[in-house]
Every structure is written in structure tokens, then in C-alpha cells.
Amino acid sequence: MEFHPITDNVYYFQGSVNIGYVKFSDTEGMLIDAGLEEQAMKKVLKILKAEELPITHLFITHAHADHYGGAEYLQRQQKVFTMAPKFEAAILQEPMLEPLYLFHGVNPIQEWRNKFLEGKPVKVDVILEEAGEVRVGESRFQTVDLPGHSYHQFGVIVEDILFAADAYFGVEILHKHGIPYTVDAKQTMESLEKIKKLPCAGAVPGHGSYEKNHLSTIEENLQVHDQIENLLYSLVDQEEDGISIEQLVTRACTEKEITIRNVPSFMLFRTAVTAYLTKLIQEGRVEILVRNNQLVVASSSE
């Protein structure tokens, strides 16, 4: 984990999951997200102590375990005022909701309740109903609504630096995933378009590197989403009688040279594929229906 300054008061910890840090004053400072687990937070606290930087606040952008898994340890170590967007806060406080929705409401077995899908419960002091200005003592920062990857994900803008959470991915990570995780493809693409218009001097994605000129990365994210949407439509359109969602996941992953290695991974890809299908349904290009006691996706043009 590397600690990088961006401005005199804005930094980020670069690792498999990025964590932001803002120094508001000599006595107040805020983390943006908390990493996957206790070990990540231990490293963060060690670095902040060595740099003599305060931590009094925590802002969690969205309730995916890799972004909040270290929060419980932080809250055990010291008093920290914690903020999160609505709905995301509900999952932070009841983390089993994430594996629960991924497995379609079925009570998840222990193997499906791993640290990547379910962090430890987090105490949330303030639930933010809407994006906008937030004050910390005499200081302030802006939040921006960036849903799509998660239901009510917020980005943070401070000193003209955008912490975009998982609204977009660095180029290397984007292509490594093959099919980026999303719960709403339409909102994901709308959030990307929104980021293009934000007056920022640079941006930090949840996974990837800080860039002063991040617009080309945003464009590449948009292109990848377009390509996946078109791939899924073509796979559906090839089947006169429709195709089951499970078969569509298999064929899409095969086309993208993705190897699914376990049940939770399959469910993550199934969620993402279904999110793109939802966009195609909204556009009237495909429909989901039942045929021969099977849930299938079919082209609306047939």
C-alpha cells in the first residue's frame, strides 16, 4: 500500500482497493472508504500516525465489502464519526444483506458469506439522504450521486479532486474484470457521463490510479460497457427461442475469456449480466419471459 499526496491536504492510499484521506485541520481528518479488512486498516493507521495526520471521520462511498471491511476495526480502535449514503448504510449495518441479494433472497450458506461479500457491521452516525455539501467542523466537501455499480453510491469532491469510488475503473482493472460488476447498467453509464461534466482537477477511482486527465479513462469505461451490452444483445438475438440467463452468463464469459471459479463469482457475473439485460429491456430490445418452465431472454424483434 502506497500513500500518495495529491494536494497539500488531499491524499490517497493506493492498493488493490484505494482509500482516500483528507486533512481538514491539525485535529480533524477523514478517510474515504476503509479497505477490505483489518490488515489494510492497520497499515493505514500506521502510516497516518507516522505522518502525524489526524483521523476523526470516515466516509463510506458504498456498501461493498472491499470498501468497508476495515471500518469495524477502525471503530474499535478509536472514536470516528462515520457517514454513508442511504440504502448503502442499511447494508453497512446489516452486512448479510449483500450475500442475501446476490443469492436471490436465499439464506446464504457459510461458504458464500466470505470477506469479499460480507464485512463486519459498521456503526453509521449520519445517513446522507441526498448528495450535496457536507460540513466537518469549519471545513466542507461535496458529495455526488454516482449510482450504477451500487444502489446509492456517492463520490466525494474535495479541493477539486474527485474520489469516484467504483463509478469507474482504471484501464488495467477494467479489462482484467472482463465484465465489470454493476447493478444498473443504465445508471452506470449515466454516472460516467456525469463525471465527464464535473469540474475536477483530477480523479481517483476505487481501483486504479489517480489521474489529472481522467476523461480518456472514463471514455474507455463507456466503450467497454457499450461493447458488453452489444455482445449480450447479439448472443440473445442469435437464439430464436430465447436463452436462459444462466446460459447467457456462460456464453458471455466464454466470449470474454473469463473463467468462473466458484459459486459467488458466478452470482456476481449473473448480477452484472442481468443489469445489462435490464437496460436492454428498458430500451425495448429484449424481453424476459417464461418458456417451458424456464426463465429466458429473447429478442423483442422476433
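Atom CG of Asp237 sits about 12.5 Å away from atom CG of Leu232, to the nearest 0.5 Å. Note that the OH atom of Tyr73 and the CD atom of Gln78 stand 9.5 Å from one another [nearest 0.5 Å]. To the nearest 0.5 angstrom, Lys79 atom NZ is 10.0 Å from His57 atom NE2.
The neighbour count for Glu138 CD, taken as heavy atoms of other residues, nucleotides or ligands under 6.0 Å away, does not exceed 12. Shown here is Glu52, whose CD atom has no more than 12 heavy atoms of other residues, nucleotides or ligands within 6.0 Å. Residue-environment remark: NZ (Lys120) stays at or below the threshold of 12 foreign heavy atoms within 6.0 Å.
Hydrophobic clustering, with ILVMFWY side chains joined whenever heavy atoms are under 4.5 angstrom apart, groups Val224 together with Leu268. A single hydrophobic cluster is seen to contain both Leu48 and Leu58, as judged by linkage of ILVMFWY side chains at heavy-atom distances under 4.5 Å, directly or through other members. In the hydrophobic clustering of ILVMFWY residues, with side-chain heavy atoms under 4.5 Å counting as a link, Leu174 and Leu231 come out together. Leu198 and Phe59 fall into different hydrophobic clusters, where Ile, Leu, Val, Met, Phe, Trp and Tyr are joined by side-chain heavy atoms under 4.5 Å apart, directly or via other members. No path of Ile, Leu, Val, Met, Phe, Trp and Tyr side chains, each step under 4.5 Å between heavy atoms, connects Met83 with Tyr68, placing them in separate hydrophobic clusters.
Side chains of Glu159 and Thr7: a donor on one and an acceptor on the other come within 3.5 Å. Using modelled atom types and a 3.5 Å distance limit, the side chains of His67 and Asp166 yield a donor-acceptor pair. Between the side chains of Gln14 and His4, at least one donor N or O lies within less than 3.5 Å of an accepting N or O. Residues Glu220 and Thr217 have side chains that never bring a donor and an acceptor to within less than 3.5 angstrom of each other.
Residues Lys42 and Glu38 are paired through a salt bridge, judged by an N-O separation under 4.0 Å between the basic side chain and the carboxylate. A salt bridge links Glu72 with Arg76: the closest approach of a Lys/Arg side-chain nitrogen to an acidic carboxylate oxygen falls below 4.0 angstrom. Using a cut-off of 4.0 Å between Lys/Arg side-chain N and Asp/Glu carboxylate O, Lys279 and Glu283 are scored as salt-bridged. Note on Glu111 versus Arg113: no salt bridge recorded, every NZ/NE/NH1/NH2 to OD/OE distance being 4.0 Å or above. Salt bridge Glu51/Lys23: absent, no basic N to carboxylate O contact under 4.0 Å. Here Lys186 does not pair with Glu229 in a salt bridge; the nearest charged N to carboxylate O distance is not below 4.0 Å.
You'll find the side chain of Pro147 stays beyond 4.5 Å of the side chain of Gln153, heavy atoms only. In this structure, Cys253 and Lys256 have side chains that are not in contact, with every pair of non-hydrogen atoms separated by 4.5 Å or more. The side-chain heavy atoms of Arg285 and Ser299, taken from C-beta on, include no pair separated by under 4.5 Å. Looking at Asn114 and Pro264, their side chains come closer than 4.5 Å, going by heavy atoms from C-beta outward.
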**OP:** Please step through side-chain contact (heavy atoms from CB on, under 4.5 Å) for the pair Met189 and Asn221, ending with a clear verdict.
**Re:** CA-CA 9 Å; Met189 298 177 81; Asn221 274 254; over 6 Å; no
**OP:** Assess whether salt bridge (charged side-chain N to carboxylate O under 4.0 Å, His left out) is satisfied between Lys176 and Glu172, documenting all intermediate values.
**Re:** CA-CA 6 Å; Lys176 179 181 178 181; Glu172 183 178 347; over 6 Å; no
**OP:** Please test Gln247 against Ser244 for side chain to side chain donor-acceptor pair (under 3.5 Å), starting from the C-alpha separation and ending with a verdict.
**Re:** CA-CA 5 Å; Gln247 288 175 318; Ser244 72; 3.2 Å; yes
Original post:
Should Tyr276 and Ile228 be marked as a side-chain contact (heavy atoms from CB on, under 4.5 Å) after you check the CA-CA gap, both sets of side-chain angles, and the distance that decides it?
Top reply: CA-CA 8 Å; Tyr276 288 105; Ile228 295 168; 3.7 Å; yes
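Of the listed residues (Ile157, Val22, Val136), just one forms a side-chain contact (heavy atoms from CB on, under 4.5 Å) with Phe141, and that residue is Val136. Each of Asp33, Leu31, Ile32 was compared with Phe13 under the side-chain contact (heavy atoms from CB on, under 4.5 Å) criterion, and only Leu31 meets it. The residue from His207, His225, His64 that alone fulfils the ring-ring contact (aromatic ring centres under 6.0 Å, His included) condition with Tyr181 is His64. Just one residue in the list Tyr151, Phe87, Trp112 forms a ring-ring contact (aromatic ring centres under 6.0 Å, His included) with Tyr101, and that residue is Tyr151.
Closest approach of Tyr11 to Pro5, counting heavy atoms only: CD2-CA, 3.5 Å. Nearest heavy atom pair, residue Ile173 against residue Gly208, reads CG1-N, 4.4 Å. Across all their heavy atoms, Ala164 and Leu146 have their closest contact at O-CD1, 4.0 Å. Considering all non-hydrogen atoms of both residues, Asp145 and Lys194 come closest at O-NZ, 2.8 Å.
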Listed pairs under 3.5 Å, donor-acceptor, residues 122-132 side chains, sequence neighbours left out:
{"residue": "Lys123", "atom": "NZ", "partner": "Asp125", "partner atom": "OD1", "Å": "2.4"}
{"residue": "Asp125", "atom": "OD2", "partner": "Thr82", "partner atom": "N", "Å": "2.8"}

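Residues satisfying the side chain to side chain contact (heavy atoms under 4.5 Å, CB included) criterion with Arg270, sequence neighbours excluded, are His104, Ile245, Glu246, Val249, Phe266, Met267, Thr274.
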